[in-house]
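For clarity, every value in this text was computed on a predicted model and none was experimentally measured. Counting starts at 1 for both ligands and their atoms, in listed order.
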Amino acid sequence: MKVWRIDSGAQALVIAGGEGIAECVWWGGALPSETDLAALAEAGRGDITGGMLDALAPLSLCPEGRRSFPGQPGLVAYQNGEALRPAWRFVGADESDGLALHYAADGLRLSFHFAPRPHGIIAAWTRLTADAAITVHTLSAPVLPVPAYLAEITTFTGRWCREFQPVRTPFAPGARIIDAQTGRSGHEHQPHVLLTAPGVTHTAGEAYALHYAWSGGHRMVAEELPDGRRQVAMGHASGSWGTGTVFQTAEVWLAHGTTGLNSVAIPFQRAIREALPPVRTPRPVHYNSWEAVYFKHDLPTLKVIAARAAELGAERFVLDDGWFTGRDDDTTSLGDWEVDARKWPDGLHPLIAEVHRLGMSFGLWVEPEMVNEDSALFRAHPGWRLGPADQVPGRGQYCLDMAREDVREHLFARLDALLTEYPIDYLKWDHNRLPPWPDAAQTRGTYALLDRLRAAHPGVEVETCASGGGRIDAGILSRCGRVWLSDSNDALERLRIQAEAAVVLPAVATGSHVGPRRCHTSGRVLPMSLRAWTAAQRHMGFEMDPRELTDDEAATLSRVTAWWKDNRDWMLAGDIHRLDTGVEMLAEAQIAADGLRFVVFAATMETAAPINPRPLRLTGLDPAATYRLRLIETPPGRSRAPVALARGPLTLPGAALMGAGVAMPQAWPQTMTVIEGARL
Ligand code: GLA
């Protein structure tokens, strides 16, 4: 038996194997360097009793039916209509760059790759090649064992305006399978899973996390076998692989932590942040025109709006949908990426000139992968549509077949022409319908177009949007510097969505806007201070018609925006720590990378069950260090004997702040309390 180990910070994998495909025998915390890995492999092996096979079939990096594995296999493939069940033999290991294990069978090669990454993350992927064409249905990135003491599987579902809803299921005999058939990383099934010990909270307990870095839909299997062992696997959605000779999974990113969900969220926030394409610093405050004017574009109005937005503190003006030929509503014209001469007789130049004069940069909305039937593009190239004519359209539109080179060539030429003619430093790249079926070639085509465009225009940043947060994953985030997390600008909804999304998203990549007073997607009216501080938790922007603001609202928004500008550099380079609170509150601490300062946002979502809310316990501080806390946003509320925090700065050791915590002021529901902290 050969054994290998991959160490990454506080996480380790140990892999053991002989002639057949190796097994991961340890996935968890760091191990002493002198650990006897062969003994470790043996120590975990279960017994054999009556009614079983004569040995435990290996829970290998690619479990095989051929070897009587009693669960979901890692590879399902066909050649000439026959199921492939290759007799894999070990060919060799390569430890020059992480670890690669190579196997071969007649005309086939299979390899498993592991690479330690910063912040304790390990990346793993699988590659399969064949001499003659095969059809792959399922191929998993290296399959891993899950400890039997873990209790729960958490996946994330969602919908338009309510992204990132956690779904918790207990581990039980059988498989929990998410097999996203919607062709996109998707609102429905985020490619992210948590496996957690009983009673885990944000700040305590053991957790494992896996993220599949792919935008085309994933398959996740978390399975408990009849013998009690458990496996977890991730790969492309089944049915999306197609027929060919080379198949490679995306990277699955692995994290392990022992101090709660934050301990597996923060490594992902950091790793995603470091993998982002270069973004402009300081991150500019955005203004986006969508909820102000929708498709109704006219220069005089937009000039007034731009001036007002700049006064409030905006630094980048993004012209949303509605600017291209014939686009007066969402039923028409996708594909015709020429500036509409009716609305813009002199092109976008006069608006851009005004935006620049006001000191803002200019961004533009596009949705390149799509076409409406009512468009010059569709009339010229009906064959460019992905899928048949009788598919159900979405928002009246169809996907273009991004696997076609002529389609990509055309889109590149149009976008390149726009970016060449106009001084645009930002594209909001939308994707508003699900492809008819999952198709890896479609995703590869989109990546290729994005990569080519970014290479040709390195100064242009791209934001990923898909009806809000329908395409969020580490694959797209290595190409796009920001996500439009949700079309919900309702601050209460947004707070929940952005808190849950911090399981993977760093603040710097998470767009958050102050919308209209009466929220367009929920009808709710919320106070400006809550709306402004909610946006100030992430990459801040505005998206209302600023002419609706009262003087009070404008003053609050300007004040919070000014605060954000003063603090954005350290906040956007720091970590988001969620805090454990009573149900009435949603709170997080954002801590600077050097630990010298932090800010706590504590939103009172509803009235507390007890008379006073639970004292707020911080996390992520040095227990021995002393910190000064200062309330910078005092929430309105019926307080008759203000708590210490409300009376003046508080100076306490980290141990106390993370222990009993501090009493919070009485606050009305739907308000935000903001506390600044500094290490003395
Ligand atoms: C999607 C986006 C919105 C907006 C519209 C424009 O719904 O999520 O933010 O850009 O498209 O049509």
Visitor: Which atoms of ligand 1 have any heavy atom of Asn432 under 4.0 Å away?
Guide: 1 (C), 7 (O), 11 (O)
Visitor: Mark up the atoms of ligand 1 that fall under 4.0 Å of a heavy atom belonging to Cys465, in ascending order.
Guide: 2 (C), 8 (O)
Visitor: Any N or O of Trp290 that comes nearer than 3.5 Å to an N or O of ligand 1?
Guide: no
Visitor: Should the pair Arg385 and Phe378 be classed as cation-pi, given the thresholds of under 6.0 Å to the six-membered ring centre and 45° from the axis?
Guide: no
Visitor: Suppose I only count heavy atoms of Asp321 and a 4.0 Å limit; which atoms of ligand 1 are within that range?
Guide: 6 (C), 12 (O)
Visitor: Considering only protein heavy atoms, which is closest to atom 3 (C) of ligand 1, and at what distance to one decimal place?
Guide: Asp487 OD1, 3.4 Å
Visitor: Checking the N or O distance criterion of under 3.5 Å, is ligand 1 in contact with Trp365?
Guide: yes
Visitor: Heavy atom of Arg395 under 4.0 Å from ligand 1?
Guide: yes
Visitor: Under the salt bridge (charged side-chain N to carboxylate O under 4.0 Å, His left out) test, which residues partner Arg159, sequence neighbours left out?
Guide: none
Visitor: Specify the protein heavy atom at minimum distance from atom 1 (C) of ligand 1: its residue, its atom name, and the distance to 0.1 Å.
Guide: Asp430 OD2, 3.0 Å
Visitor: Does ligand 1 come near enough to Lys428 that some N or O of the ligand is less than 3.5 Å from an N or O of the residue?
Guide: yes
Visitor: Can you find an N/O atom of Gly468 closer than 3.5 Å to an N/O atom of ligand 1?
Guide: yes
Visitor: Please set out all donor-acceptor pairs under 3.5 angstrom arising from side-chain atoms of residues 502-509, sequence neighbours excluded.
Guide:
none

Visitor: Evaluate Glu543 for polar contact with ligand 1, using N/O atom pairs at a separation under 3.5 Å.
Guide: no
Visitor: For Asp330, is the nearest heavy atom under 4.0 Å from an atom of ligand 1?
Guide: no
